[in-house]
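Reviewing the structure listed below.
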Amino acid sequence: MNFPLPFFFFCRFFLDVSIIIPIFATSNQLTMAKKKGIWIDSNTRRDLFDKFADYALDLSKLVFGGVILAGIMGMSVNTNLLFGLGATSVVILSLLAFVLIVLKHNNRR
């Protein structure tokens, strides 16, 4: 069974986000995690923020390069849509990376 390409990208994004979301837990959830023994200490959390920030920056660079290459190739692609979606995704991924970098530096204790 062949899935359409947007479905694949949605699933990939959902898996990436589902890994990030448990890191941002409320204080009640953190105390329950400490009691259960499932705890991410600050060093591990800082490393995770660093890795996710690098990953988001790498994705934004790849999207930027893909948009430029697709624009140069001269294929029958709607350039307004291509540049609009490309620029939007690059900005969102870059902002996510910089937020994670700030959180990494604020997470020192």
Side-chain angles (χ1 to χ4, degrees):
M1 175 182 233
N2 292 332
F3 291 108
L5 197 58
F7 178 74
F8 172 74
F9 287 124
F10 173 76
C11 290
R12 175 66 190 211
F13 176 76
F14 179 74
L15 289 175
D16 291 341
V17 171
S18 66
I19 293 170
I20 294 173
I21 288 176
I23 296 172
F24 303 104
T26 62
S27 62
N28 188 22
Q29 291 170 337
L30 291 178
T31 56
M32 293 300 292
K34 283 182 184 178
K35 288 179 183 177
K36 291 181 181 179
I38 337 170
W39 172 248
I40 299 175
D41 63 343
S42 63
N43 290 332
T44 306
R45 184 172 293 171
R46 192 174 327 127
D47 292 340
L48 284 174
F49 283 154
D50 187 33
K51 295 294 180 188
F52 284 132
D54 289 343
Y55 181 70
L57 278 176
D58 288 343
L59 277 179
S60 69
K61 289 186 281 189
L62 286 172
V63 168
F64 181 75
V67 166
I68 296 298
L69 285 176
I72 291 174
M73 294 299 287
M75 299 172 63
S76 61
V77 178
N78 186 357
T79 56
N80 293 333
L81 183 65
L82 175 72
F83 290 133
L85 287 177
T88 303
S89 61
V90 166
V91 167
I92 289 173
L93 287 169
S94 299
L95 287 176
L96 174 68
F98 292 128
V99 164
L100 288 173
I101 288 171
V102 167
L103 286 175
K104 177 186 85 165
H105 289 294
N106 286 342
N107 202 15
R108 295 183 183 170
R109 293 182 187 178

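By convention here, the first residue in the shown sequence is residue 1. Because the structure is predicted, anything quoted here is derived from the model rather than measured.
No continuous path of ILVMFWY side-chain contacts below 4.5 Å connects Met73 to Leu81, so the two sit in separate hydrophobic clusters.
Under a cut-off of 6.0 angstrom, the local environment of CZ in Phe83 is crowded, with over 12 non-hydrogen atoms contributed by other residues, nucleotides or ligands.
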**Prompt:** Yes or no on salt bridge (charged side-chain N to carboxylate O under 4.0 Å, His left out) for Lys51 and Asp54, after CA distance, side-chain angles and deciding distance?
**Reply:** CA-CA 5 Å; Lys51 295 294 180 188; Asp54 289 343; 5.4 Å; no

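In this structure, the side chain of Ser94 does not engage the main chain of Val91 through any donor-acceptor pair within 3.5 Å.
Put simply, the residue from Leu100, Val99, Asn106 that forms a side chain to side chain contact (heavy atoms under 4.5 Å, CB included) with Val102 is Asn106.
Once rounded to the nearest 0.5 Å, the distance linking CG of Leu103 with CZ of Arg46 reads 12.5 Å. Annotation: the span from Ile72 atom CD1 to Ile68 atom CD1 amounts to 6.5 Å, rounded to 0.5 Å. Here the CD1-CG distance, from Ile92 to Leu59, works out to 12.5 Å after rounding to the nearest 0.5 Å. One finds the CG atom of Leu85 at 10.5 Å from the CG atom of Asn80 (value rounded to the nearest 0.5 Å). Going from atom CG of Leu95 over to atom OG of Ser60 covers 10.0 Å, rounded to the nearest 0.5 Å. Taken to the nearest 0.5 Å, the CZ atom of Phe98 stands 5.5 Å off from the CD1 atom of Ile101.
Nearest heavy-atom pair, Val67 versus Gly86, reported as atom, atom and distance to 0.1 Å: CG2-CA, 3.6 Å. Contact between Gly71 and Leu82 at its shortest, heavy atoms only, is N-CD2, 3.8 Å. In this structure, Ala97 and Leu57 approach most closely via the heavy-atom pair CB-CG, 3.5 Å.
For Asp50, the salt bridge (charged side-chain N to carboxylate O under 4.0 Å, His left out) partners two or more places apart in sequence, or in a different chain, are Lys104.
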